[in-house]
Structures are given as C-alpha cells and as structure tokens.
Amino acid sequence: MRTRINKILTMDKFINEALYNKRLGYYMNKNPFGEKGDYITSPNISILFSEMIAIWTISFWENLSCPKKFNLIELGGGNGEMIKQMLSTFEKFPSFNNCCKINIFEKSEYLKKIQKKKLKNKKVKWLRNLNEISSLPSIFIANEFFDALPIKQFFKKDEKWYERSIKFSKLSKPRFLDILINIKKIEKKIGFKISNNQKIIEFSPLAFEYIKIISKKINTKNGGLLILDYGNQEDHMLNTLQSVKNHKFGNILKNIGNSDITYKINFKLLEKIFRNFNLKASNITNQKKFLVNLGILSRAEIISKNLPFSKKANIYYRLKRLIDEKYMGNLFKVMLATKKNTYFNVGFEN
Ligand SMILES: C[S@@+](CC[C@H](N)C(=O)[O-])C[C@H]1O[C@@H](n2cnc3c(N)ncnc32)[C@H](O)[C@@H]1O
C-alpha cells in the first residue's frame, strides 16, 4: 500500500484502504473466491447452501403474508454464485418468483462486473447505496458480508482506552500505534455504549450505519435480515482481526492489498446494536443446525440418489465442509433480525 511517510491511519481507515483502495485494494482488482483464490465461501462450496437459503427466504416471505411485491437484497454479492443458485430455485416457485425484486449491494466494481456476467439476462438491480432500496417489504441476506467491513479496535490499559492505528514510518514498514482516546466521546457520538465490561472493543462504524438504515426499512415496511458469518457469542470481545491469503491466516501488516482482512463478528454486540435500533435479533444458531433444520441432509440424499459413487462422494465431501462442527458448521453463526412483533423460527429450531 502506498502512503505518505509518517502517515497514521486508524484501523478502520487502514482496512478500508487495504481492501477497497480504487487502484490497489484487495477487492478492487481480483477475484478472491474458490479453491485457487484466497478463501472459499459457502455458496462456492456447494449449491446446496444457496438452495437452503432460497427455501428459507420463501418461507420467510410466506410468514410476511406473501407480499405481492417485495425486495430481496444480497449484501455483498461476491462472485454472484449465491444469487445465481437462489434464482434457479426460485424459478420452481412461480408464485414467489413473480413477487420478488432482486437487488445486490456491492462495493467492488471488479466483482460487480463478474456478477453482471454471471447474472446476464436476469432481472437484477445493483444498488449504489442502501437508501436506493424501493419502499417495499425487504428481505436482506448477508453471507460473510459484515466480517468484510472495516472495524475500529480499542484496547483498555491501566483503566484508559487506546485506539489502535497504523503508522507508516517507512514505505515498507508499517507498525501498530495505540493512541489514547476518550471512549465516552466516541460513545456519545454514535449514541451507543460499547465499552461496558470490555477490555477490547472491535466495532465497525460502517456496519453500525448500515444496520441503522436496514432497521429503519424493516421497521417501516417489514422484512428481515439474515446474517451468516464467522463469529462468536463471547461476553467479552477479543482481538480477532486477521489477514487471509491462500487459505492461510497471517499478519494484517503483511501483504497489504494482496490479502483479505477479516474479523470474527461478536454476535452479542450485534444483537445489542439491533436492539438499539428497535429490532429483535434473538434468533441465533450455528450454520450446521440452521442448514440441517432446513433439510440439507435430505436434499443431498435426493440429488445424489442416482449418481455414480465419485459424484456422490463429492456432494457429501462438500456437505461436510459446510456443516462439520469443527469447521464452518460451528465457526459460522446465523442470526435473524426482524421487527419485534415478527414470530418466525424456521431454521432456528433447537
Ligand atoms: C467475503 S465476500 C462474501 C461474498 C458472498 N456473499 C459470498 O458468500 O460468496 C464480501 C463481499 O462484500 C462486498 N463488500 C464489502 N464491503 C462492502 C460495502 N461496504 N458495500 C457493499 N459491498 C461490500 C465485497 O466486495 C464482497 O463481494
């Protein structure tokens, strides 16, 4: 990353530059997905994942009393794989399909091009910002979206709070610099208390802004937000920031612009943020339970029934990657945020 000598960037600004700098940012000029990329997301592991999300979306729509027109918004479309597979499932449910307006909210122009190519001839609207969403009930799907948003990091030392920043003293040698801050001032600015009982805070101002807009849409026109993401439910936040290159974790100050930077969502904090914006986010489970509740095992059995052994084995190998509790099955959590008076627990049954 090129920057002036002696420049200091707060962590969120640093991540934003490393991932989304127009010329050099990680997401702006390469396709990170797949076995040959740096990481693989669930829709790129198996189509069964997107099929389950499609089925979930249809039942959630039914629970909203089948609105004649509604928005489905994918937050962060990646390489377009999930929406592509969801659309082919929706085609089997015309009464749903005729009512559904597909939207993708994507920041990377490079990935947008890939999405447009993959979704050629499909009716999809690409949103420049979330305020462009038409005034209808809206179902938001966010798979590995929030963990890609820049965060701020704060550390408490000797009863004082410091914000972690990056100092570039030489072009090639960035280092961490913790700067004394007044956390109360920050909490006052966002109107939300984040420091109670914490020694470390990871907080994304951008996620907070997006959730504010989304909550308003859901509260006025109805709908919900389904989040699937790498994360935990710890009471105390941890330092979870890491870079990912060639499927391996590393130091975020190395390979800047050439590796992804992500963190683990703290779902307890997320729930508090939703509550702050008057939504209910009590439904939370892990990816394994969610997908199994939706019938992924029976679906795998059906599609593999008449296949030769090697193809069958491939389907089950991929299924295991999605639901094995040692891996994505438990590392990934699923959360649903809705209006307070919405009752829906499909996928979240115990
Ligand atoms: C980890 S990828 C997940 C992609 C996809 N959902 C999947 O499961 O394969 C994160 C996606 O979010 C997009 N993204 C990150 N920050 C964004 C922002 N502020 N606004 C819109 N899209 C964003 C990235 O460009 C990328 O497409």
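Remember, it's 1-based here, ligands and their atoms both numbered in the order they're listed.
- For Tyr210 and Phe105, the gap between ring centers is short of 6.0 Å.
- Pairing each heavy atom of Gly347 with each of Asn293, the nearest pair is O-ND2, 3.0 Å.
- At a 3.5 angstrom cut-off on N or O pairs, Glu106 counts as close to ligand 1.
- For an aromatic pair to be called close, the ring centres must be under 6.0 Å apart, and Phe90 with Phe96 satisfies this.
- The ring of Phe14 has its center no closer than 6.0 angstrom to the ring center of Phe176.
- Checked against the 6.0 Å centroid criterion, the rings of Phe203 and Phe154 do not qualify as a close aromatic pair.
- In summary, Lys268 and Asp235 engage in a salt bridge, as defined by a charged side-chain N under 4.0 Å from a carboxylate O.
- Counting only non-hydrogen atoms, the option in Ile45, Thr41, Ile83 that gets closest to atom 7 (C) of ligand 1 is Thr41.
- Nearest protein neighbour of atom 22 (N) of ligand 1, counting heavy atoms only, is Lys107 N, 3.1 Å.
- Not one N or O of Asp147 is nearer than 3.5 Å to an N or O of ligand 1, by distance alone.
- Remark: ligand 1 atoms within the under-4.0 Å shell around heavy atoms of Tyr210 are 18 (C), 19 (N), 20 (N).
- Looking at Asn79 next to ligand 1, no N or O pair under 3.5 Å apart turns up.
- For atom 5 (C) of ligand 1, the closest non-hydrogen atom of the protein is Gly76 O, 3.4 Å.
- Counting the atoms of ligand 1 from 1 in the order shown, those under 4.0 Å from a heavy atom of Asn143 are 3 (C), 5 (C), 6 (N), 7 (C), 8 (O).
- Looking at atom 3 (C) of ligand 1, its nearest protein heavy atom turns out to be Glu144 O, 3.5 Å.
- In terms of polar-atom proximity, Glu74 is counted as a contact of ligand 1, with an N or O under 3.5 Å from an N or O of the ligand.
- Using a 4.0 Å cut-off to heavy atoms of Gly78, the atoms of ligand 1 that qualify are 4 (C), 5 (C), 27 (O).
- Residue contacts with ligand 1, taken as heavy atom pairs separated by less than 4.0 Å, do not involve Leu19 at all.
- Taking any N or O of Phe145, backbone or side chain, none lies under 3.5 Å from an N or O belonging to ligand 1.
- Using modelled atom types and a 3.5 Å distance limit, the side chains of Tyr26 and Asp38 yield a donor-acceptor pair.
- Between the Trp56 side chain and the Val346 main chain, a donor and an acceptor come within less than 3.5 Å of each other.
- Of the listed residues (Tyr20, Phe49, Tyr27, Tyr230), the one carrying the non-hydrogen atom nearest atom 15 (C) of ligand 1 is Tyr20.
- When each of Lys311, Lys312, Arg318 is tested with Asn314 by the rule side-chain hydrogen bond (donor to acceptor under 3.5 Å, both in side chains), just one qualifies, namely Arg318.
- When each atom of ligand 1 is checked for a heavy atom of Leu206 under 4.0 Å away, the hits are 19 (N).
- Ligand 1 places these atoms under 4.0 Å from at least one heavy atom of Leu111: 25 (O), 26 (C), 27 (O).
- When atom types are taken as modelled, the side chain of Asn129 and the backbone of Glu132 share a donor-acceptor pair closer than 3.5 angstrom.
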